[in-house]
Amino acid sequence: MTEKIIVTSALPYANGPIHFGHIVGAYLPADIFVRYQRMRGEDVHFVCGTDEHGVAITLKAEQAGQSYPDYVDHWHREIGRILDSIGIEFDLFSGTAAHHNPFHAELAQGFFLDLMRNGYLEQRTEEQFYSATLGRFLPDRYVEGTCYKCNSPNARGDECPSCGSWLDAKQLIDPRSTLDGSTPVLRETRHWYLKLDQIRDEWLAEWFTAKTAEWKVNVRHFVASALDDLRARPITRDLPWGVPLPGEFAEAGKVLYVWFEAPIGYLSISKQYWNGQGQPERFEQLWKDPATKLYHFLGKDNITFHAVVFPAMLWGTKAGWVVPTNVPANEFFNLEGKKFNTSKGWYIPESSISGRFPVDGLRYALATMMPETADSDWSWREFQARINDDLADNLGNFVARTLRFAERFLDGAIPDLGPLLPQDRELLDAGAAAAEEIGAHLASFSFRKACARLMAFGNTCNKYYDTEQPWATRKTDPARCGQTLRVCAEAIRTLAILARPILPDTSGKILEALGVTAPPTWADAGGVGLPAGPLRAEPLPVLFPKVADQLVAEELAKLEKMAAEPTEGAPAVASPATEAGAAGDAAQEPIAPEIGFDQFTAVDLRAGTIVAAARHPKADRLLVLQVDLGFEQRTIVAGVAQSYDPATLTGTRVVAVVNLAPRSLRGVESQGMLLATDGPDGKPRFVAPGEGAPNGTRVR
RNA sequence: GGCGAGAUAGCUCAGUCGGUUAGAGCGAUGGCUUCAUAAGCCAUAGGUCCCCGGUUCAAGUCCGGGUCUCGCUACCA
């Protein structure tokens, strides 16, 4: 019986590009899963789109001098292009902003009203920080101050990085806006809260225990702790860009909080699709059928929302929406052992990828590297090995040796199938067995195992070829030779079917060469399925050209070079979205409020020389330096341990602030401060005084 | 220092509920093969499952302690 399946990939936030980490976490596995389920004949619906509201987008758009829709469009196109380039095929890739999706606001408002009616919303009046200079409310995370719990000076409004507590921004000591440095004022505002704790007690906790036993361990772990911590969360914000509250609840400048409204995009985009198809009724038939399976593919940073908050929302409407069947989240994906980081030059430029390799090669390599159970890496050597060893030597070469043999020695004609010898039967059966096992792996999100099993079947095929030796039977037993080739052709057909979810292009090419015109189903794999009669096998160009050692060496060298000089190079396919703006942040750091000349001269800067350096005994980033200032020597603690080896620092010229009040840093008193700028890697570098300036010379 | 994850073959990683002799791929070495993209097939070598202790008839697996690695984070006047 046909299953209804809805598959979603995490909605990428429309303020930067997506990179391999996203692709490998949320988009490629979903696409492979969807292709497989479709081949199984299931009724699969696959939607995605950009998440286009929220304060970060408004700020970025304003910085870029663009309207919100224009700004969002830019990233929508860019992200869509990247997804397209790796062969991700959604039913619809839309967005959540009104100009992309006419159904989104209405549906999100419907959620609001349903939750309201069911008593899961409550209004709370509260004070929130407001920036008079910007004329807007400040999101908690844009307010910094001193933590009221642990006195750490750099707590953010939403949480304290020092003691890890979730904070109430209002209680911060000495709050300041991180946008412009101004001191925000508290202003009264009213917001709606979603009573997640109540939903947990009524349903969520029970549902989670009962239904999620087969979920991935990493997901279960995450959710269990999130459940304990669940509290009511505000679902509205004061922002000019977003989904307005519905009807009687509408208030000027108040919108649904983006975390609340974004996942409803899965539904609204689906609705948009079915309306576009002229079958609007299909939308609710899918989303409100309790038998429908719903899968959310995403990275581990998104687990809580999709496994806790969104199910709570769906259920809380009591409108009959399906809740997730599974949330197959992946872990993080790194680059050669280190996190992707555009601003530090640690990413893969688009020019290194696009047009250089078959898309399928990239899909396969990424599938074998997927961070299914633990963080994993993109490695150029591994990439080369997967393409060369697996796709070229094993799979590609089996196709090539069969078809070229037929072309050379059988005049391109492979005879019809004759009576099967046991070994023929064995290979055809092996195809069916592979289909079953690979299918089980794909259905359970074990894409790495599916890849490995596919290659194991390739090995079986090559083994058959070697054992049957058609190059020998060609002379001694032409009929047997023909039969061998025919069985190989059947095996290739199976190979193409089994590879299809991962290698859609290649699969198409191979089947076409074999004269198979109808799109194959999964059940077609194994056994015999080529059109009866002699087969005109079209020779194929090389499916997977080898990746040269030199290319790997070049890419690794390029990476090292970019990491050393990260200023060049534009963000590309491999640059993290969240980091996209970071490169520009140094330049965009707001200029501090104007000061008078007196205030400048109040700072006494002197040239000096480091005469001794040692690690701080109790801090990883601090060095304890002895600085010769000509007139005296001082102990100065500086946070440069990541940039400098203390052994090499003696003799380094520095500029010191000498009239700063002494302060104890983790137990060592620092009698001043050394000037430094951030290097290209984000780590500090000392600023040197002018050449020849003796120690003690004032810097002005 | 805090939080989290991890440590299994030279490399990348599987290893289910605790259960026989701990596996795969790549790499290495040797042999076979010549249809094929310098491809294929076979065989062999390679292990203190990080260490110590505990539970158990039985521990890579469970518990406690330790070491190391990685990530986040703190200390950056």
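Note that the structure is a prediction, hence the values are computed from the model and not measured. Naming: A, B, ... by sequence-line order, numbering from 1 per chain.
- Taking side-chain N and O atoms only, A:Lys546 has a distance below 4.0 Å to OP1 or OP2 of B:A39.
- Closest to the side chain of A:Trp471, out of B:A77, B:C26, B:U33, is B:U33.
- Between B:C26, B:C35, B:A77, one nucleotide has an atom nearer to the side chain of A:Leu660 than all others, and that is B:A77.
- Salt-bridge annotation for A:Glu468 and A:Arg480: present, with a side-chain N of the basic residue lying under 4.0 Å from a carboxylate O of the acidic one.
- A:Phe398 and A:Tyr465 have perpendicular rings, their planes meeting at more than 60° on a 0 to 90° scale where under 30° would count as parallel.
- Both key distances under 3.5 Å define a Watson-Crick or G-U pair, and stretches of 3 or more such consecutive pairs in RNA chain B run B:1-7 with B:67-73, B:10-13 with B:23-26, B:28-32 with B:40-44, B:50-54 with B:62-66.
- As rounded to whole Å, 13 Å separates atom P of B:G71 from atom CG of A:Leu335.
- The side chain of A:Arg448 contributes no N or O atom lying less than 4.0 Å from OP1 or OP2 of B:G25.
- Between the C1' atom of B:C13 and the CE atom of A:Met455 lies a distance of 17 Å, rounded to the nearest Å.
- Under the 30°/60° scheme for interplanar angles, the aromatic rings of A:Phe20 and A:Phe333 are found to be tilted.
- Across every non-hydrogen atom of A:Ala496 and A:Ile510, the tightest pair is CB-CG2, 3.8 Å.
- Atom P of nucleotide B:G40 and atom CG of A:Leu403 are separated by 17 Å, given to the nearest angstrom.
- Proximity of A:Asn459 to the phosphate of B:C41: a side-chain N or O atom is located under 4.0 Å from OP1 or OP2.
- Residue-nucleotide stacking is not present for A:Phe405 and B:C35, judged by a side-chain ring centre under 5.5 Å from the six-membered base ring centre and planes under 30° apart.
- Not a single donor-acceptor contact under 3.5 angstrom links the side-chain atoms of A:Asp393 to the base of B:A39.
- Atom CD of A:Glu669 is separated from atom P of B:C75 by 19 Å (rounded to the nearest Å).
- Side-chain proximity of A:Asn462 to B:A77, B:A36, B:G40: nearest is B:G40.
- Screening A:Arg356, A:Arg381, A:Gln384 for a side chain to side chain donor-acceptor pair (under 3.5 Å) involving A:Glu555 leaves a single residue, A:Arg356.
- Taking atom CD of A:Glu372 as the reference point, atom P of B:U12 lies 18 Å away to the nearest angstrom.
- Of the residues near RNA chain B, A:Thr460 and A:Phe544, the one whose nearest nucleotide (by heavy atom distance) lies more toward the 5' end is A:Phe544.
- Among the nucleotides B:A36, B:A14, B:G40, the one closest to any side-chain atom of A:Lys449 is B:A14.
- Between the CG atom of A:Leu427 and the P atom of B:C41 there is a distance of 13 Å, rounded to whole Å.
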Query raised in the report: For A:Trp378 and A:Phe383, what are the C-alpha separation, side-chain angles and deciding distance, and is it a ring-ring contact (aromatic ring centres under 6.0 Å, His included)?
Result: CA-CA 8 Å; A:Trp378 169 269; A:Phe383 171 72; 4.9 Å; yes

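- Between A:Lys463 and the phosphate of B:C42, there is a side-chain N or O to OP1/OP2 separation shorter than 4.0 Å.
- The nucleotide whose nearest atom lies closest to any side-chain atom of A:Leu665 is, among B:C26, B:C35, B:C75, B:C75.
- Listed here is the closest heavy atom pair of A:Ile502 and A:Tyr364: CG2-CA, 3.9 Å.
- One interatomic measurement links the two molecules: CD of A:Glu468 to C1' of B:U33, which rounds to 14 Å at whole-angstrom precision.
- Contact of A:Tyr465 with B:C41 (side chain to base): no donor-acceptor pair of N or O atoms is detected under 3.5 Å.
- Counting only heavy atoms from C-beta on, A:Leu543 has its side chain closest to B:U37 among B:A77, B:U37, B:C26.
- Without hydrogens or angle criteria, A:Gln626 side chain to A:Gln633 main chain gives no donor-acceptor distance under 3.5 Å.
- Nearest-nucleotide positions on RNA chain B place A:Asp377 closer to the 5' end than the other of A:Gly396 and A:Asp377.
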